[in-house]
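Everything quoted here is computed from the prediction, not taken from an experiment. Residue numbers begin at 1 in each chain, while the letters A, B, ... track the order of the sequences.
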Amino acid sequence: MSALRRASNIQASTRPDHLLIAEMVAKGARVLDVGCGDGALLQLLGEEKGVDARGIEIEREKVNACVARGLSVIQGDADNDLADYPDDAFDYAILSLTIQATRRPKTVLENLLRIGRRAIVSFPNFGHWKVRGGLLINGRMPVTDNLPESWYETPNAHLCTIYDFADLVKSIEAEVEDAFSFNARGKRLGIKQSIWLQNLLGEKAVFLLKRR
Amino acid sequence: MNEIAKPSIEDVGPAGETSLLETLPRLKEAWTPSSKVVRFDNEPLKLDSGQQLPSFQVAYETWGTLNEDKSNAILVCHALTGDQYVVGKNPVTGKPGWWETLIGPGKAIDTDKFFIICANILGGCMGTTGPASLNPKTGRPYGLAFPVITISDMVNAQVRLIDHLGIGQLFAVIGGSMGGMQVLDWAVRHKDRVFAAMPIATAARHSSQNIAFHEVGRQAVMADPDWCRGDYFEHGRVPEKGLGVARMAAHITYLSEEALHHKFGRNLQNRDERTFSFDADFQVESYLRHQGSTFVDRFDANAYLYITRAMDYFDIAAEHGNFLANAFRGTRTRFLVVSFTSDWLYPTRESRHIVRALNAVAANVSFVEIESNKGHDAFLLDEPEFFASVAGFINAAAQHRGLQT
């Protein structure tokens, strides 16, 4: 159980990956959540960290629901709308479980690190043993709890493993301040585990990045 | 400057003017409105054209209670043919206020919590100085002697009213269509006086198509022989036909093809067969004719010319190096931008253009596109998703302002 959850009255329904992200964010920071969905992370950050929280969401119904909840959210998406923001507009630009659904993940990541002093990126790890097993044993595109849609329905266009993402980070010369993998319940894998093991056992991963 | 609660006809103009008033009762609201009115005598209003109005008046209405530190005031900006009667029975038309769907006790914008102000725009005909007002130089209605005005001029007149009411920073400025243009102008030129801004179904500039439609309307007015080169009051006439046609053309732009089809289809009006004449065979024709004829009862033709002109001249970016974001630099205002899917007069891309500019200065902006088949007029109609967005935005802003909600 995370320190944040212990310390507050956060509902049990709060997504575990949101709690892990919230722990990385400094109090009172300016935050942009790209692909903010129903605004749950924004609300958590607003209530628990007092951040100036903004969001971008692609689905109209979700945007309208966010605004009706009093959140500052616009309709848009990572591929098209990040370019508008000025450099250093935010302390953190967050992309939570969204990068795999973008058209140009590299450009998106570069934009995140341009408009945010730091970027927090989480993604489903395609190197997880269930995914590898699905392909190796069954010979089919993997369908897991983490990646529930069939290949023809999934919005995910650019899935990657932890290794792959680390390579991308290196190629754009960003610095990794923190990174770890975690399972569906938000349990972090032991810090001593090697990247090789994290890539095999972690269902999802989150990276805290900084410009070099 | 003096407050006139309920002026009487006798108060207006030099002796002899009453006769003009008797022949043309529609001048009554322009001169002595049924609403509150504040006069700025010998306190000139400088205009964008370089001219100035030596004296002017602003007719306005208010609802709710201004709190002690005057931090709960919301200025509502009305659209082209709107007026100051937002809520409650309109004393001139006898119809309900034009934004009762959104504003009132317990509504998305709650008059039990907020102090609502709406003023008739400069150039209008419901009591704020416009072309039907008396020209102090001649003692006769201005007509075309009235200077051409801009959206900024309208806002500057509102600023004088807000100063008069002793309000420093407005909690919110809201408006749709041309009202949204005024909201943007407030947010750009009076950044510190606007805590929250809600430009709805609007644009940061008038498009070529918008200007084109307005030109059709103006030409219709001016082609009417009763227009008399703008001096129709003097001739005891009113260009009803021209203004009616202008309204009919404009009204089509406020709807959507789907809305028209849904409402009328190709249905015939009170007849079973085509008449092989130019009568209003179709329901949609009859509807438009009705829209035209009721409009001329309440609106001044010259005011229509002046206000549409002001909208055509509106282009915020042009005054900021053709880069809209420059206009918003340094803003601390919270924005809610709203568009409607079937609005082709001020389509979503115009709202998105505003949002992009606000993003470029990292402004606090929310943007919702509301699904509706009702066209541009949707912002005045029953759109629950729109109301929910407005309520969420306003209440969150109130919390940030430290208002009791």
Side-chain angles (χ1 to χ4, degrees), chain A residues 28-40 42-43 45-47 50-94 108 111-112 114-117, chain B residues 108 196-200 323-326 328-342 348-349 351-372 383-401 403 405:
Chain A
R30 286 163 64 90
V31 175
L32 178 68
D33 183 7
V34 183
C36 65
D38 61 3
L42 287 175
Q43 189 138 10
L45 288 169
E47 285 168 6
V51 303
D52 178 358
R54 321 276 181 78
I56 301 180
E57 169 56 37
I58 195 165
E59 283 184 44
R60 188 166 63 218
E61 294 76 15
K62 287 181 180 167
V63 174
N64 298 6
C66 282
V67 174
R69 286 164 71 179
L71 299 167
S72 296
V73 174
I74 66 163
Q75 199 205 347
D77 66 77
D79 282 305
N80 292 308
D81 296 289
L82 294 184
D84 297 334
Y85 291 90
D87 299 356
D88 295 327
F90 298 95
D91 297 312
Y92 301 90
I94 299 173
V108 168
N111 263 323
L112 286 178
R114 179 182 63 78
I115 66 182
R117 290 171 208 282
Chain B
M198 222 188 285
I200 298 160
F323 192 55
L324 186 58
N326 282 343
F328 296 113
R329 212 164 286 283
T331 185
R332 296 177 63 197
T333 303
R334 302 169 71 91
F335 287 85
L336 172 63
V337 180
V338 183
S339 71
F340 296 86
T341 50
S342 56
T348 291
R349 67 171 176 276
S351 286
R352 205 176 280 282
H353 184 57
I354 297 167
V355 171
R356 297 197 109 110
L358 288 165
N359 282 344
V361 297
N364 190 321
V365 51
S366 294
F367 165 51
V368 293
E369 186 191 30
I370 304 296
E371 170 113 53
S372 165
E383 295 285 353
E385 209 179 350
F386 168 50
F387 304 152
S389 298
V390 170
F393 172 78
I394 277 290
N395 292 332
Q399 216 165 22
H400 281 272
R401 185 88 198 264
L403 293 175
T405 54

Under a 4.5 Å heavy-atom cutoff, which of Leu336(B), Val368(B), Asn359(B) has the most pairs with chain A?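 Going by pairs under 4.5 Å, I would pick Asn359(B).
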Option in Ala357(B), Ala325(B), Ala363(B) with maximal non-hydrogen atom pairs under 4.5 Å from chain A: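 Looking at each option in turn, the highest pair count goes to Ala363(B).
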Using non-hydrogen atoms only, which part of [X] is less than 4.5 Å away from chain A: side chain, backbone, both, or neither?
{"X": "Thr341(B)", "value": "side chain"}
{"X": "Ala360(B)", "value": "both"}
{"X": "Val355(B)", "value": "side chain"}
{"X": "Glu385(B)", "value": "side chain"}
{"X": "Leu358(B)", "value": "neither"}

Would you mind checking which part of Leu71(A) comes under 4.5 Å of any heavy atom in chain B, side chain (CB onward), backbone (N, CA, C, O), both or neither?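 Contact with chain B involves the backbone of Leu71(A) alone.
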Taking all non-hydrogen atoms of both residues into account, name the closest pair between [X] and [Y] and its distance.
{"X": "Ser72(A)", "Y": "Arg334(B)", "result": "OG-NH2, 3.9 Å"}
{"X": "Ala362(B)", "Y": "Pro86(A)", "result": "N-CD, 4.0 Å"}
{"X": "Gln75(A)", "Y": "Arg352(B)", "result": "O-NH1, 3.0 Å"}

Heavy-atom pairs under 4.5 Å with chain B are the metric here; pick the option from [options] that has the most.
{"options": "Arg30(A), Glu61(A), Arg60(A)", "value": "Arg60(A)"}
{"options": "Ala89(A), Ala65(A), Ala68(A), Gly70(A)", "value": "Ala68(A)"}
{"options": "Asp84(A), Asp81(A), Leu32(A)", "value": "Asp84(A)"}

Within residues 51-59 of chain A, which positions have a heavy-atom distance to chain B below 4.5 Å?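 Residues of residues 51-59 of chain A touching chain B at under 4.5 Å: Asp52(A), Arg54(A).
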